[in-house]
Amino acid sequence: MSRFEKADTTYSFPEMEERILEFWEREDVFAKSLVRPAPNGNYVFYEGPPTANALPHPGHVLTRVIKDLFPRYKTMRGYHVARKAGWDTHGLPVEIEVEKELGFTSKDDIEKFGIAEFNRRCLDSVRRYEKEWRRISNRIGFWLNYEEAYFTYTNEYLETVWWLLRQIWDKGLIYEGHKIVPYCYRCGTPLSSHEVAQNYKDTKDPSIYIKFRIKSDMRRFGTELAEGKTYFLVWTTTPWTLLSNVALAVNPKAEYVAVFHAGEHLILARDLLEATGLDEEPVVASMRGADLESIKYEPLYTFIPVEKPAHYVVTGGFVTLEDGTGIVHIAPAFGEDDYQVGIENDLPFVCAVDERGNIVPEVTDWAGKNMKDADSEILNDLKERGLLFRSATYTHAYPFCWRCDSPLMYYAFPSWFIRTTSVRDELLANNEQINWVPEHIGTGRFGQWLEGVVDWALSRNRYWGTPLPIWQCASCGELHCIGSYVELQELAGFEADDLYDQEKFNPHRPFVDSLTWKCAECGGEMRRVPHVIDCWFDSGAMPFAQHHYPFEHKDKIDSGAQFPADFISEAVDQTRGWFYTLHAIATMVKDSPAYKNCLVLGLIQDEKGHKMSKSTGNVADPWKVIDRQGADAFRWYFLSATAPWVGTRYSETAVVNSLQKFLIPLWNVYSFFVIYANIDDFDPASDAKPWSEREQLDRWIRIKYNRLVQSVIENLDKYRVTEAARSIENFLDLLSNWYVRRTRRRFWQGEKNDSKWNGYHTLYEILVGFSRLISPFTPFLAEQLHQKLVRPFYPDAPISVHLSDYPEPDASVSEPDLEEGMDAALRVVKLGHAARNLSKIKVRQPLRGIILVTNDRQLPAVLEEYCGIIKDELNIKSVDWAEDAKDYVDVQIKPNFALLGPRLGRQTREVQQLLASSPATELVAQLSETGHVVLNTSEGEVTLDPQDLDIRIIEKEGTAAQRDGNLLLVLDLEITPELREEGLSREFINRVQNLRKTLQLDYEQRIEVKFSVGEPVRSAVLKHADTIAAETLAIDFGEDADLADEQPNVYTAAIEALEVLIKLVPVKGA
RNA sequence: GGGUCGUUAGCUCAGGUGGUUAGAGCGCAUCCCUGAUAAGGAUGAGGUCCCUGGUUCGAGUCCAGGACGACCCA
């Protein structure tokens, strides 16, 4: 009868995991973990909502592994971790996905198709991907509360977003302005930077130099310039923007000159004289850019009247001297820099081109023409007026629309902004309260971003998103921001039975666009502005919106129960995404950080170190590895391989490595335990001896285990995942390769004695504790151990390992002598194996002994109790300490640099040389006689005390010796006839054991053995017959000279080129 | 163009506050162990610690400049 379920060594981890998933589902384990007693209160985790517009890739799996680790850990440590799932459902990425499906190329297609239906398709798409995300999240054991997941498109969520916007509105932080965006006039849509980056092409544009005639008095720069024939020379590649020119910009620090050319004076940067071919002309004046500020010039065109002062020189650091003339023409409608300059100098906003790329009617000469087509006509006009200095063509990289290949234009769109610049100080102050892991993100990437924060461009000219809740009066321009559905209903007076059922009331476009009311000021019609908002605002609103705050669950936020978060974690690309929007909204609305600890993950790269992306097609499918190696292997790889914030090169081989390093050895230890516990019918619930009565090795592994618990908790509390995982690996190595290895013999003993029972109890307790310790890391294998080791014996135990308490370190577990001694023994054994290797004498051959040499006076006493283990492990008869070290070692003396360096300074090097050139033995003799060493240096005598010297022992040439620091081990290589016979008998045992294994005999199967072999093996085997019989479980053992290899049950083997015949017959019923 | 991180063995990565023998795992070679082992152990080969300069008695480590790579932002 077996108490423990057999643990095959040919085991499929993925299959085991599938069974455990079923078990979790059947028993509803996650739900049960949520209602566990939580004496330590809440640990708040925010799930950063994935945008459900594509399949998850390995990077997402990493994020989800980390996001699972801490909630599991904290739950087991007595916290309640609510962890609502969430999905980011709005936004351009989703729209593009649907546009692709429907084969759309422009916004017109969407409007023809119908916004309502288009939005419905967006929702369908999101739902579809959400299923895939749930499937993989579930498979890797990422526990989240999907039952109560938040979706950013729901009425509840959206209402909170409106409420938040209203709070920000009430603070006067929302305004309308212009945003320069890359824009395709054919598709009628702005493009995101990602789209722009897809289609840069080399293109030919006009390269023209134009003269702007100066109106101001230039006399102060020289009398020659007073005559009115002085011009600014300006370069541009977009003649059509000249229609919208309102200023010229110079670099205030650069040097400008006026040159005389063809009867006129031209002003440009000195550095660009040669590039414009004016370097031969006489320079009549020179000035700083700053001197030119405010100088007025005649506008080239006056089709559009300006309502503010314009057409003068401004200064700006962005003006470079790399090409052109060092004087830049400014058209605020058509460039980011230009727009900023316009704001800073309060310039008028002139826009001579409409949204379709055509010249506006006011420009009577070219009204209705496409801007590009107007280029040449404008050129001709300037030429006729004598204002064109030179024209050529110019080849440069320029972005084109990735859909229709039209050249993009940078166009100033009316947009709504949040004035985040006015809360910059608060953003920075709240950032101080966040613990960033790694630290540099907080001060670097994130902190610097906050310092240079710009106003948040909030609106988007799109369809599938949270509508901007701002209504404007068509007559007087009065604005109103809506903060709740009730308010909207009162104003707009629509019918809805249920404001939270989208069948009855859908706050999305197009319905919301139809709601209007009379302006309170003038009686005009209040209409909604047409925009939706940036979907990043949605995700940043999740701390509040996931609870429909403040309309419901007001207390969760106000009491601090679910705000701010204790922990969030996403990849580094979220720095300016979710990390920022969470922070900005929380700061503006609550003047608080939104999260206390933020673990920033590196990006997962492909095998060549490049970011995985859909467009390059190097995205690995995580399912392959999960199906083949299992989720635990995947998880362990991410958690142990490298620091999570360092980008990791991902490959299946790497996952296999981590499987072999951790999961397989652990499985083997478990399987070993099960084999012997079943043979001996071990009952874990039986009485265990107190630790004080157990063996050294048992107490030692418990000490190491206790240290492990301490280390894992310390590291996890600091969010140091890799360190925690590595300490687990190191412990497993000690458990498997020292504790189990050294304990095996105890389990092999035939009778059931205390020593054996102590071993079972110890290994059992360690394995059970270990399973809890690793359960946040590898939840499946941990569960397997719990189910097989604990549940059958302790009916009252939690039904899942994830419902048990996390191990706590036990301060009373400490035996410094034991720990030091065993560690030293390990060190000696390592040296012994190394020495045996050098001597090429295998461990099976017993040797007389080892001689240890050290100048550590404590070591012999420390090691005394552990000589038995050393002898056994190294297969030697004695461990001796050398009385006279000189026979085995030489001495090497070096300065103790850490002490002598600061004291001697420059002399250090000379002392080093003197020590190296003096015979070490003499120095040692001097030291033992006088207590110090005196050296004659060029700068006088130097006296060195023992602590100033680093005395090392080194092995003499030609001995089978190995050294580790100041411990040297010498192997006695002489093999006496007795040792030789013993060695041969062990060879024989090995052959029989190999046979047992080949024949797949049960571990306890008794056998009958006959053998036939020549000398010298024969007499060795006969001499040690009793031992051989005992070791191989042979109840009948003897020589049979008549064996022949054709006979049944007779096998051949070889010992040192000598053929051995062995007849092996299992004994029935024994 | 600005910012952040990185560059250490064939590969993947460790190397608080500077201290003279730079480590681990994988891979390779040789050997050992195996009555838990798809395992494990040992030894070996394999390093201009990206380059240049500086600080220092002493630099993989600190400073400056540069090269290359990745990412973010213009």
Side-chain angles (χ1 to χ4, degrees), chain A residues 7 9-11 193 318 320 322 336-337 438 440-441 443-449 452 571-577 602-603 605 607-611 640-643 645-651 653-654 656-661 663-665 667-676 679 722-723 726 729-730 733 736-738 740-741 744-745 747-748 829-838 840-844 873 875 894-912 950 952 954 962 965 989-990 992-994 996-997 1001-1005 1031-1033:
Chain A
T9 52
T10 51
Y11 206 73
S193 58
F318 66 91
T320 68
E322 273 159 27
E336 185 67 44
D337 286 334
H440 65 79
I441 300 281
T443 51
R445 201 177 270 213
F446 194 69
Q448 289 184 357
W449 158 253
V572 67
D573 55 0
Q574 292 299 323
T575 309
R576 290 166 195 200
L603 293 165
Q605 303 158 343
E607 288 177 48
K608 289 177 197 147
H610 296 290
K611 181 184 177 173
S640 66
T642 54
W645 49 86
V646 174
T648 315
R649 294 190 186 192
Y650 166 84
S651 67
T653 327
V656 172
N657 280 347
S658 67
L659 182 77
Q660 291 176 342
K661 213 154 66 178
L663 296 174
I664 289 172
W667 186 264
N668 288 335
V669 172
Y670 163 61
S671 145
F672 169 84
F673 171 81
V674 167
I675 287 168
Y676 287 96
I679 289 174
T722 321
E723 286 82 349
R726 286 188 184 158
E729 267 182 6
N730 291 337
D733 184 54
S736 170
N737 290 323
W738 192 244
V740 168
R741 182 184 161 84
R744 275 188 297 205
R745 285 220 153 250
F747 295 142
W748 295 344
V829 166
K830 210 175 157 168
L831 286 177
H833 284 307
R836 272 196 173 259
N837 250 305
L838 280 185
K840 304 271 179 203
I841 299 177
K842 48 175 72 170
V843 178
R844 233 179 273 140
E873 185 68 22
N875 197 16
K894 286 194 166 187
N896 181 348
F897 286 98
L899 270 178
L900 289 182
R903 199 171 95 205
L904 299 179
R906 254 180 309 124
Q907 255 182 301
T908 315
R909 190 156 275 176
E910 191 183 355
V911 167
Q912 177 185 15
D950 182 2
R952 299 169 184 197
I954 51 174
Q962 279 291 298
I989 292 171
N990 171 263
V992 178
Q993 302 291 35
N994 286 349
R996 289 186 62 111
K997 200 170 176 180
L1001 299 188
D1002 277 348
Y1003 293 114
E1004 19 181 356
Q1005 177 67 55
E1031 288 286 315
T1032 58
L1033 302 183

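Throughout, protein chains are lettered first and strands after them, A, B, ... in sequence-line order, and every chain is numbered starting at 1.
Distance check on atom C1': U56(B) versus C62(B) gives 10 Å, rounded to whole Å. Separation of the C1' atoms belonging to A22(B) and G53(B) is 24 Å when rounded to the nearest angstrom. Straight-line distance between the C1' atoms of G23(B) and G60(B): roughly 12 Å, to the nearest whole Å. Across the C1' atoms, G40(B) and U34(B) are found 8 Å apart, a figure rounded to whole Å. Taking atom C1' in both U52(B) and U30(B), one finds a spacing of 42 Å when rounded to whole Å. Rounded to whole Å, the C1' atom of G6(B) lies 12 Å from the corresponding atom of C13(B). Nucleotides G27(B) and U12(B), compared at atom C1', are 11 Å apart to the nearest Å.
The side chain of Val669(A) approaches A36(B) more closely than any other nucleotide in the set U20(B), A36(B), A39(B). Ranking A36(B), G41(B), U20(B) by closeness to the Asp733(A) side chain, first place goes to G41(B). The side chain of Arg726(A) lies closest to C13(B) when the candidates are C13(B), G35(B), C71(B). Checking A39(B), A14(B), C33(B) against the side-chain heavy atoms of Arg741(A) singles out C33(B) as nearest. When distances run from any side-chain atom of Asn990(A) to the nucleotides G25(B), U34(B), A39(B), the shortest one goes to U34(B). Closest to the side chain of Val572(A), out of A38(B), C71(B), A36(B), is C71(B). Proximity note for Ile664(A) (side chain, C-beta onward) versus A39(B), G19(B), U37(B): the nearest is A39(B). In this structure, of U37(B), G25(B), G19(B), it is G25(B) that holds the atom nearest to the side chain of Lys661(A). Comparing C13(B), A36(B), C57(B) by their nearest atom to the side chain of Thr908(A) picks out C57(B).
Using cut-offs of 30° and 60° for the angle between ring planes, the Trp667(A) and Tyr670(A) rings count as perpendicular.
In this structure, G1(B) and C73(B) make a Watson-Crick or G-U wobble pair, each of the two defining distances being under 3.5 angstrom.
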